[in-house]
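Data first, discussion second: the structure below is written as structure tokens.
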Amino acid sequence: MRFDVVTLFPDMFGTVRDLGVTGRAHTQGLWALQAWNPRDYTHDLHRTVDDRPYGGGPGMVMMAAPLEAAVAAAQSARAAQGLGPAPVVLLSPTGRRYDQQGAQAMAAGEGCILICGRYEGIDQRFIERCVTDEISLGDFVLSGGEIAALAVIDAAVRLLPGALNDGDSALQDSFNDTLSGLLDSPHYTRPEVHAGQPVPPELLSGHHANIARWRREQSLRLTAVRRPDLLERARANGWLTPADERYLSKLPPTTAGQA
């Protein structure tokens, strides 16, 4: 897998390349990263990449030509490695929501070219000519696409075979289909009692079936309280068992945000 990132701040991507799970996976050769600065594809003394918006208004707009040249350079570099044309993905608050299923689809492919916008926006002509997809982390606005791109890369790379020390770790993630798309259950470690609070006895029982049932029920409870939309999605997809429904029927009425 290879990610090419078009960004005015390439140094920001050293964190995902060098540190943690993604850094270890990069060292192992599980994925590759190349940053492309649009300023390197300008032709004026000041390396201009933005200008005032037509029609007036606040802020500046990123120019199409430097971005197009950066994308072309990235596609050429990928072709030199024997990779086919890559999807060009713009990080944008107007994009579709990036979720765990999106990360799984990303991890199953050869990567993509991520476009990190800045300023007030990007010339729409670049988007129409070059961008194949737009994704968003949520209903909020960031100063630029770099933080969103880091999240996209991290979420996908950690799913690559061999990226995690224990391959089953990813299977237990919140939103994963193996959990019926529900939130993950709470986790505990040593000491057995902290600040007067003990570990739930089910986790100390050594009875694998009881532990599995406790985790499933906690996952159901947490999802019902905090993300009822995920619970309804799981129900609509037929992912809930009769035992799940019996447990849910016994839960008291809850209010979002209460644990």
Side-chain angles (χ1 to χ4, degrees), residues 1-7 12-13 15-16 20-22 25 30-31 33 86-117 122 127 131-164 166-187 215-216 218-241 244 248 254 256-257 259:
M1 170 185 283
R2 171 178 169 139
F3 285 101
D4 291 88
V5 185
V6 178
T7 172
M12 291 182 67
F13 291 86
T15 55
V16 74
V21 169
T22 55
L30 300 181
W31 71 290
L33 173 69
V88 179
V89 179
L90 173 65
L91 287 311
S92 168
T94 63
R96 63 179 175 84
R97 182 74 64 87
Y98 187 66
D99 55 17
Q100 188 68 14
Q101 285 67 45
Q104 291 168 351
M106 188 79 75
E110 294 183 337
C112 65
I113 299 173
L114 296 169
I115 309 298
C116 301
I122 291 176
I127 297 173
V131 171
T132 57
D133 198 5
E134 297 183 46
I135 58 178
S136 168
L137 294 190
D139 298 339
F140 54 91
V141 178
L142 297 167
S143 300
E146 284 78 13
I147 291 175
L150 288 167
V152 167
I153 293 171
D154 183 277
V157 168
R158 66 187 303 278
L159 297 177
L160 296 176
L164 299 174
D166 187 339
D168 288 340
S169 293
L171 300 179
Q172 301 302 317
D173 289 340
S174 292
F175 316 113
N176 195 293
D177 288 348
T178 59
L179 283 179
S180 304
L182 306 178
L183 300 180
D184 195 5
S185 63
H187 298 277
R215 286 177 170 160
R216 179 67 174 184
Q218 292 301 304
S219 178
L220 289 163
R221 182 189 66 83
L222 193 62
T223 305
V225 170
R226 297 186 181 176
R227 292 293 304 274
D229 59 309
L230 295 179
L231 195 64
E232 290 308 311
R233 173 174 172 266
R235 183 173 283 123
N237 282 293
W239 293 343
L240 300 185
T241 68
D244 293 337
L248 289 167
T254 57

TODO: Name all residues meeting the side chain to side chain donor-acceptor pair (under 3.5 Å) criterion together with Thr15; count only those two or more places apart in sequence or in a different chain, and write none if there are none.
DONE: none
Open item on the list: Just to verify, what does Thr22 make a side chain to side chain donor-acceptor pair (under 3.5 Å) with, not counting sequence neighbours?
Closed with: none
Of all residues at least two apart in sequence or in a different chain, which pass the salt bridge (Lys or Arg N to Asp or Glu O under 4.0 Å) check with [X]?
X      : answer
Arg96  : Asp133
Arg2   : Asp4
Glu232 : Arg235

Quick one: pull up [atom1] in [X] and [atom2] in [Y] and give me the separation to the nearest 0.5 Å.
X      : Y      : atom1 : atom2 : value
Leu220 : Arg215 : CG    : CZ    : 14.5 Å
Arg216 : Leu182 : CZ    : CG    : 5.0 Å
Leu137 : Ile147 : CG    : CD1   : 9.5 Å
Arg221 : Arg226 : CZ    : CZ    : 7.5 Å
Ser136 : Asp99  : OG    : CG    : 11.5 Å
Cys116 : Leu150 : SG    : CG    : 7.5 Å

- [ ] For the pair Ile115 and Ile127, evaluate side chain to side chain contact (heavy atoms under 4.5 Å, CB included) and give the outcome as yes or no after the intermediate values.
- [x] CA-CA 10 Å; Ile115 309 298; Ile127 297 173; over 6 Å; no
Open item on the list: Show every side chain to side chain donor-acceptor pair (under 3.5 Å) that has at least one partner inside residues 106-115, sequence neighbours left out.
Closed with: none
Open item on the list: Please find the pair of heavy atoms, one from Met1 and one from Ala107, that lie closest to each other, and give the distance.
Closed with: CE-CA, 3.4 Å
Using modelled atom types and a 3.5 Å cut-off, is there a donor and acceptor pairing between side-chain atoms of [X] and backbone atoms of [Y]?
X      : Y      : value
Ser180 : Ala234 : no
Thr132 : Val88  : yes
Thr223 : Leu183 : yes

Task: Steps toward side chain to side chain contact (heavy atoms under 4.5 Å, CB included) verdict (Val89, Phe3) - done: CA-CA 11 Å; Val89 179; Phe3 285 101; over 6 Å; no
Open item on the list: Using the side-chain contact (heavy atoms from CB on, under 4.5 Å) definition, which of the options Val152, Ile113, Ile153 pairs with Val5?
Closed with: Ile153
Open item on the list: Are there over 12 heavy-atom neighbours, none belonging to Asp229, within less than 6.0 Å of that residue's CG?
Closed with: yes
- [ ] Let me see the working for Met12 and Thr7 under side chain to side chain contact (heavy atoms under 4.5 Å, CB included), right down to the final yes or no.
- [x] CA-CA 9 Å; Met12 291 182 67; Thr7 172; 5.8 Å; no
Open item on the list: Determine whether Arg97 and Asp139 satisfy the following criterion, side chain to side chain contact (heavy atoms under 4.5 Å, CB included), listing intermediate values before the conclusion.
Closed with: CA-CA 9 Å; Arg97 182 74 64 87; Asp139 298 339; 3.6 Å; yes
